[in-house]
Number of protein chains: 2
Amino acid sequence: MTEKQELILETALKLFAERGFDTTPTSQIAKEAGVSEGLIFRHFTNKEGLMDAILAMSEERMGRHVKSIVALPEPLAKIHATIELPVKLFSEEREFWKLQFSLKWQKKYRGQSYRPSGYYLELVEVLTDAFRQLGYAEPQKEVLLLVMLLDGLSNQLMQQPSEAFIAQTLSFLKSKYQQSQLKS
Amino acid sequence: MTEKQELILETALKLFAERGFDTTPTSQIAKEAGVSEGLIFRHFTNKEGLMDAILAMSEERMGRHVKSIVALPEPLAKIHATIELPVKLFSEEREFWKLQFSLKWQKKYRGQSYRPSGYYLELVEVLTDAFRQLGYAEPQKEVLLLVMLLDGLSNQLMQQPSEAFIAQTLSFLKSKYQQSQLKS
DNA sequence: ACTAAAAGTGAGTAATCACTTACAAAACTA
DNA sequence: TAGTTTTGTAAGTGATTACTCACTTTTAGT
């Protein structure tokens, strides 16, 4: 991976997140990255090849996050860390994850990027077990509910990313998952 | 609104939902609608004009749904009806609402279609009141949580729209909002 | 230092796209 | 029925786009 290759990837990521995949011309990517347009195609063959390279990074980064959650010893800590995941994602690499979420609705990439990855399935399993250990009656459904919640939270974060709002929301969510809460 | 005008709108809606706004050429809309391409521009001036017409329908339809929820007498009934809203939306007019959700991530239309409409604000107010009446300690945050949940539910519905899954998920969600539940 | 492969350039090019225009058929109005 | 507006069409057109190609420069192995 040469220096210019990374520059192209970074610039493409930024522009795809800002303006969308279809509406970002390769000419603009080249211009803002300060390279010739031809170089994009030398390294990534296609415009889609560019996107594929970005998607590959996604898998890897998400894998690291999941690993650190799975490694936690306490079941409740795993759940709380999962709740914090979207906030962590967005605070660290906003554009990157914004792009990820927008892809969910684009037919071309729905199968590719949102075919549940191995990491996602592992997280689901670990969370199911965590809920079971905490005595929840229907651990699988609880995981589904948590996943939906975090999906919605991600949407909210895109629209209202103020620190105060985030802190408030996080602590409220966590208060819903406490040892003292009802496990219906 | 002539017959061909409606035909164009329906076809555009279908194609925009399937393939996305930017990747659907006006030529294809014309072809599938069985009209000349020029007619699209005669009636809707722009490709954006087409989208605006579709978006206008959205406001109106959502308004009807919100009205029927607001009209319910019992606070708990209001909450349960809100939980059912995404399922109702998707079962009735799948493509239409799919398009709506995908628009959230497109810069061009984020302000336009997702500037919280009057109907949305009304629903939030009514729900806040419903939670308060039910004795919840932090009604405003409960509404936020419910909104996030339904956002996530909508995502799930797009990926797994099986009847069994929907029924199961709905009843589980409703069970979380019962008179007998904790109101922390 | 010699050389071959890899990195990089920039001027094309064919295809596609949103939109226009000149014109014809229908529908309405008197 | 004559005249006018509205609805509809078909054949463009200029701009844009993803991608290519012939070429030069840099890098790396021996």
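The sequence lines fix the lettering, A, B, ..., with proteins before strands; numbering per chain opens at 1.
Ring pair W97(B)/H65(B) is perpendicular by interplanar angle, where above 60° counts as perpendicular and below 30° as parallel.
Of the N and O atoms on the side chains of Q140(A) and T128(A), not one donor lies less than 3.5 Å from an acceptor on the other residue. A donor-acceptor contact closer than 3.5 angstrom links the side chains of E37(B) and T26(B).
The CE atom of M1(B) sits 12 Å away from the P atom of dT7(D) (whole-angstrom rounding). Going from atom CG of L50(A) over to atom C1' of dT17(D) covers 15 Å, rounded to whole Å.
L145(B) approaches L149(A) most closely through the heavy-atom pair O-CD1, 3.9 Å.
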With a cut-off of 3.5 Å and sequence neighbours excluded, list every side-chain donor-acceptor pair involving residues 81-95 of chain B.
| from | atom 1 | to | atom 2 | distance (Å) |
| --- | --- | --- | --- | --- |
| T82(B) | OG1 | K78(B) | O | 2.8 |
| E84(B) | OE2 | K174(B) | NZ | 2.3 |
| S91(B) | OG | V87(B) | O | 3.3 |
| S91(B) | OG | K88(B) | O | 3.1 |
| E93(B) | OE1 | R61(B) | NH1 | 3.3 |
| E93(B) | OE2 | R61(B) | NH1 | 2.1 |
| R94(B) | NH2 | L157(B) | O | 3.3 |

Heavy-atom contacts, protein to nucleotides 5-23 of chain C, under 4.0 Å, summarised as B (base), S (sugar-phosphate only) or - (none) per nt, yield --BBBB------SBBB---
